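Here the structure comes first, spelled out in structure tokens, and everything after it is commentary.
Computed from a predicted structure; not experimentally measured. All residue numbers in this chain count up from 1 along the given sequence.
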Amino acid sequence: MVKVKTQFVCSSCGANFAKWQGQCPSCGEWNTLTDDAATVAKYAPEAIAEDSKKFALGKAELSGKVLDYTNISDISPSDKKARLLTEFKDLNTVLGGGILQGSVNLLAGQPGIGKSTILMQICAEVAKKEKVLYVSGEESAGQVKMRAVRLGASGKNLSFASSTSANDIAKTIESGEFKLVIIDSIQTVAMNEISSAPGTPSQISQCGNLIIRAAKKSDTAVIIVGHVTKDGDLAGPKILEHLVDVVLNFEGDRYGGFKMIRAIKNRFGPTNEAAIFEMEEEGLKEVENPSAALLAERQNTDGSIILATVDGNRPLLVEIQALATKTSFGYPKRATSGFDLNRLNLLIAVLEQRTKLNLSDVDIFLNVVGGIKIKDSAADLAVCIAIASALTGRKLFEDYVVFGEVGLGGEIRSAFRPAQRIAEAKKLGFKHAIAPRTTKDPAGSKGFVLGVKDLRDTLIKYVNEK
């Protein structure tokens with residue numbers, strides 16, 4: 001006799017519980033437990049007695065077999081396999097040189113940011129030489145055809161299938177007929193053996209396992225699309241990210257500005273590279289010189305500072321804008337776009353304590369131009385100077401760039417890859433860089449770096465200039 005009971009599974013960590021709780025005891029996340037039907041066999045008393053006798057303590061029977069093993073020197077390395085190249089040079093670099101055969105890649109991003117667009121462009125390029133299958137569980141054949149026509153994707157090597165069955169998709173991958181398979185998306189497919197709805201943690205993890213085994217067996221490259229939560233994290237159990245070979249994060253503003261793809265996990269390449277795109281009518285296009293594009297419409301006003309940052313191995317010049325207005329309420333407002341709000345609050349506290357600027361009755365708004373998200377700690381100094389400039393109404397010289405980390409004591413700490421930041425600034429015609437005093441001048445440009453050691457002295461010396 002089979003008895004069906006309900007279990008509750010945490011969508012964050014995948015832990016199982018017998019009853020619903022507001023907070024997951026395993027990972028501490030709130031409102032992540034969802035119901036998942038699980039089938040439990042109810043054994044007859046005779047079977048239970050037999051099992052107890054068979055698996056008595058210390059006398060369990062071994063049902064496995066000796067593994068087939070190979071000397072590690074006789075194994076051919078995976079990176080020697082031919083890679084499938086996309087039309088985007090920077091994306092190939094992010095992937096470690098292209099899409100490796102037999103690899104499973106997970107692409108996640110906000111809805112409408114361009115995941116399906118870039119995947120169709122990848123299909124169009126790879127299908128020029130190899131057979132490609134695009135499997136969609138979200139869109140009809142007519143919808144995909146419209147996108148393919150707009151992006152110029154056609155040819156006898158490019159095929160389409162509409163399916164939500166993980167069993168059928170895995171069987172097709174296992175056939176080895178295609179070199180690349182796109183699955184859009186993992187949240188829409190389901191296994192026949194599991195009774196829960198598509199998108200539940202058990203379905204996502206089991207379907208992912210099934211697809212990965214088929215890809216490894218047939219040496220087929222697979223790209224899986226993943227949904228994200230409202231917080232921007234990958235939806236579903238964390239185990240999915242552990243199972244796949246590459247996790248790509250698609251960031252940016254879906255309504256405009258630049259979009260960025262970075263690898264947050266890569267078994268076959270670096271995780272410190274990024275590819276920058278902009279959306280055009282013909283699809284996504286790589287930005288050849290993002291620094292020049294980001295500064296093309298800049299006006300040198302108070303509160304506007306040019307930050308020399310590094311995203312992975314790529315140096316970028318980004319405009320930081322700050323606006324300070326008198327608050328209309330008792331509690332001042334702080335808002336950011338492209339910068340961490342908690343970091344902004346910390347820097348405001350340092351400014352108030354170490355420089356004696358009064359910011360307690362001032363609303364502060366911070367914006368990183370171009371939809372870029374800054375996670376570089378060396379952006380601290382540029383943010384502080386932008387806030388001070390906006391508050392005093394004084395502006396920095398337009399041929400200055402800024403970078404440096406700010407400590408809690410107001411000290412300016414060194415930044416990594418300073419030479420790359422300075423080289424990018426020189427290339428675009430900037431004359432000076434306000435940077436930590438440990439930063440060295442580039443060869444042949446003595447006096448380019450204006451070394452600073454303290455936040456208060458920096459603001460007195462440079463923000464006071466008109």
Closest non-hydrogen contact found for Gly208 with Ile186 is N-CD1, 4.2 Å
List the atom of Leu428, the atom of Ser291, and the distance in Å for their closest heavy-atom pair. CD1-CB, 3.4 Å
For [X], all residues meeting side chain to side chain donor-acceptor pair (under 3.5 Å), sequence neighbours excluded:
X: Asp399; result: none
X: Gln110; result: none
X: Glu29; result: none

Kindly say whether Leu316 contributes a backbone atom to a donor-acceptor pair with the side chain of Glu424 at under 3.5 angstrom? no
Can you check whether Asp168's main-chain N or O pairs, donor with acceptor, with Thr172's side chain at less than 3.5 Å? yes
In Ile412, Leu307, Ile305, Leu347, the residue satisfying side chain to side chain contact (heavy atoms under 4.5 Å, CB included) with Leu381 is Ile412
Any side-chain hydrogen bond (donor to acceptor under 3.5 Å, both in side chains) pairs touching residues 428-455, not counting sequence neighbours? Lys426-Ser445
Determine, step by step, whether Arg298 and Ser304 satisfy the side chain to side chain donor-acceptor pair (under 3.5 Å) criterion, reporting the C-alpha distance in whole Å, the side-chain angles of both residues, the deciding distance to 0.1 Å, and the verdict. CA-CA 9 Å; Arg298 189 227 176 180; Ser304 173; 3.2 Å; yes
For a side chain to side chain donor-acceptor pair (under 3.5 Å) check, start with the C-alpha distance between Asp184 and Ser136, then their side-chain angles and the critical distance, and finish with the verdict. CA-CA 5 Å; Asp184 188 5; Ser136 178; 4.9 Å; no
The criterion is side-chain contact (heavy atoms from CB on, under 4.5 Å); which residues satisfy it with Thr355, sequence neighbours excluded? Leu351, Leu357, Leu455, Arg456, Leu459
Tell me which pairs pass ring-ring contact (aromatic ring centres under 6.0 Å, His included) where either residue lies in residues 275-307, with sequence neighbours left out. Phe88-Phe277
Within 45° of the ring axis of Tyr462 and under 6.0 Å from its six-membered ring centre, is that where the NZ or CZ of Arg394 lies? no
Does NZ or CZ of Lys115 come closer than 6.0 Å to the centre of the six-membered ring of Phe250, within 45° of the ring's axis? no
Are Asn313 and Arg417 linked by a side-chain donor-acceptor pair shorter than 3.5 Å? yes
